[in-house]
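Keep in mind that the numbers below use all heavy atoms, side chains included, and drop hydrogens, waters and symmetry copies.
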Amino acid sequence: MVFNTSYKNIDYTKESINLVGKAFSFLEKLKMGSVGSSRLVVSEFSPKLKPKNLDTIAVNYTNIELRPKGIIVHFTNRLERYSWIIPYYRLVIYNAQTFSIHANGNFIKCSKNKNYTNNKKFIEKMIDLKNAFLNLSYYDS
């Protein structure tokens, strides 16, 4: 689900807690190291996810927030901020020529540039949390 979170949005708060859980506590954040990625450069949005009046001249950025049962992808367009809530059981990640996050038929593709290389450890942590939550031990090496 995508919500406009430019301003306080009660529906977003309720739905995010329902789908992906409350944010990690301060102690859990210290133990994990970080629960948010640094920004990634968006190269393409799926048609249903693309914000109205998308500013094609400006560079669009996204970042990822980890939650106990999923992730929240935050992205901006001009002065608007959007948040896409994705539970782990719907999250699919492709790492080809671009890094892309897919769920429910929607996607965000990110460029593989300097920002991506800075986030490699975070992406590995996200995949490990997904595997642990879904109990996918057969992916372990």
Side-chain angles (χ1 to χ4, degrees), residues 1-140:
M1 292 192 127
V2 178
F3 291 93
N4 184 336
T5 54
S6 302
Y7 304 102
K8 188 169 182 170
N9 188 334
I10 295 170
D11 294 333
Y12 161 75
T13 305
K14 288 179 183 176
E15 199 64 29
S16 66
I17 291 171
N18 184 33
L19 288 176
V20 294
K22 290 185 177 183
F24 287 107
S25 70
F26 180 71
L27 290 176
E28 289 172 323
K29 288 178 184 178
L30 286 176
K31 290 177 186 176
M32 294 175 67
S34 69
V35 294
S37 69
S38 56
R39 64 187 189 173
L40 295 161
V41 178
V42 176
S43 60
E44 184 181 353
F45 289 101
S46 65
K48 291 181 183 177
L49 200 60
K50 188 181 292 187
K52 295 176 184 172
N53 303 323
L54 180 69
D55 191 359
T56 55
I57 296 170
V59 177
N60 291 305
Y61 294 103
T62 186
N63 63 345
I64 304 166
E65 175 188 349
L66 296 176
R67 291 284 182 101
K69 299 188 289 184
I71 65 170
I72 301 176
V73 180
H74 301 284
F75 55 94
T76 58
N77 180 40
R78 298 183 185 182
L79 297 176
E80 302 283 316
R81 180 178 166 102
Y82 298 93
S83 297
W84 183 22
I85 303 170
I86 308 171
Y88 282 135
Y89 64 88
R90 295 199 176 174
L91 174 65
V92 179
I93 298 170
Y94 292 107
N95 198 355
Q97 293 172 343
T98 59
F99 169 73
S100 60
I101 298 172
H102 295 252
N104 294 341
N106 297 316
F107 64 85
I108 291 181
K109 291 185 180 180
C110 300
S111 303
K112 281 191 161 180
N113 57 9
K114 174 180 83 171
N115 294 343
Y116 170 78
T117 55
N118 293 340
N119 282 306
K120 277 188 177 181
K121 287 183 182 179
F122 177 82
I123 293 167
E124 289 173 9
K125 183 189 305 184
M126 179 175 61
I127 293 169
D128 290 343
L129 282 172
K130 175 187 173 183
N131 290 344
F133 179 77
L134 297 175
N135 199 13
L136 300 176
S137 59
Y138 58 87
Y139 282 122
D140 293 340

Salt bridge (Lys or Arg N to Asp or Glu O under 4.0 Å): which pairs involve [range], sequence neighbours left out?
range	value
residues 112-127	none
residues 2-17	none
residues 61-74	Glu65-Arg67

* Residues which pass ring pair (Phe, Tyr, Trp, His ring centres under 6.0 Å) with Tyr88, listed by chain and number, not counting sequence neighbours ->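 For Tyr88 the ring pair (Phe, Tyr, Trp, His ring centres under 6.0 Å) partners, ignoring immediate neighbours, are Phe133.
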
* Structure fact -> ring pair (Phe, Tyr, Trp, His ring centres under 6.0 Å) filter on Tyr61, not counting sequence neighbours, yields none

Of all residues at least two apart in sequence or in a different chain, which pass the side chain to side chain donor-acceptor pair (under 3.5 Å) check with [X]?
X	result
Thr5	Ser83
Asn104	Arg90
Tyr116	Asn95

Donor-acceptor contacts under 3.5 Å from residues 18-27 side chains, at least two apart:
unit_1	atom_1	unit_2	atom_2	d
Ser25	OG	Glu28	N	3.3
Ser25	OG	Glu28	OE1	3.3

* Asked: Under the side chain to side chain contact (heavy atoms under 4.5 Å, CB included) test, which residues partner Val92, sequence neighbours left out?
  -> Tyr94, His102

* For Asn119, enumerate each residue passing the side chain to side chain contact (heavy atoms under 4.5 Å, CB included) test, keeping only those at least two apart in sequence or located in another chain. => Ser37, Ser38, Leu40, Phe122, Ile123

To the nearest 0.5 Å, how far apart are [atom1] in [X] and [atom2] in [Y]?
X	Y	atom1	atom2	answer
Phe99	Asn113	CZ	CG	12.5 Å
Met126	Ile93	CE	CD1	3.5 Å
Ile101	Ile86	CD1	CD1	6.0 Å

* To do: Only counting residues at least two apart or in another chain, list the ones meeting salt bridge (charged side-chain N to carboxylate O under 4.0 Å, His left out) with Lys109.
  =>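 Listed in chain order: Glu44.
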
* To do: Test Met32 against Leu129 for side-chain contact (heavy atoms from CB on, under 4.5 Å), laying out the working first.
  => CA-CA 11 Å; Met32 294 175 67; Leu129 282 172; 3.6 Å; yes

* Asked: When you look at CG of Leu79, are more than 12 heavy atoms from neighbouring residues, nucleotides or ligands closer to it than 6.0 Å?
  ->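 No, CG of Leu79 has 12 or fewer neighbouring heavy atoms, counting only those of other groups under 6.0 Å.
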
* Between the side chain of Asn9 and the main-chain N/O of Asn4, is any donor-acceptor distance below 3.5 Å? -> yes

* N/O donor-acceptor pair under 3.5 Å between Ser46 side chain and Asn106 backbone -> no

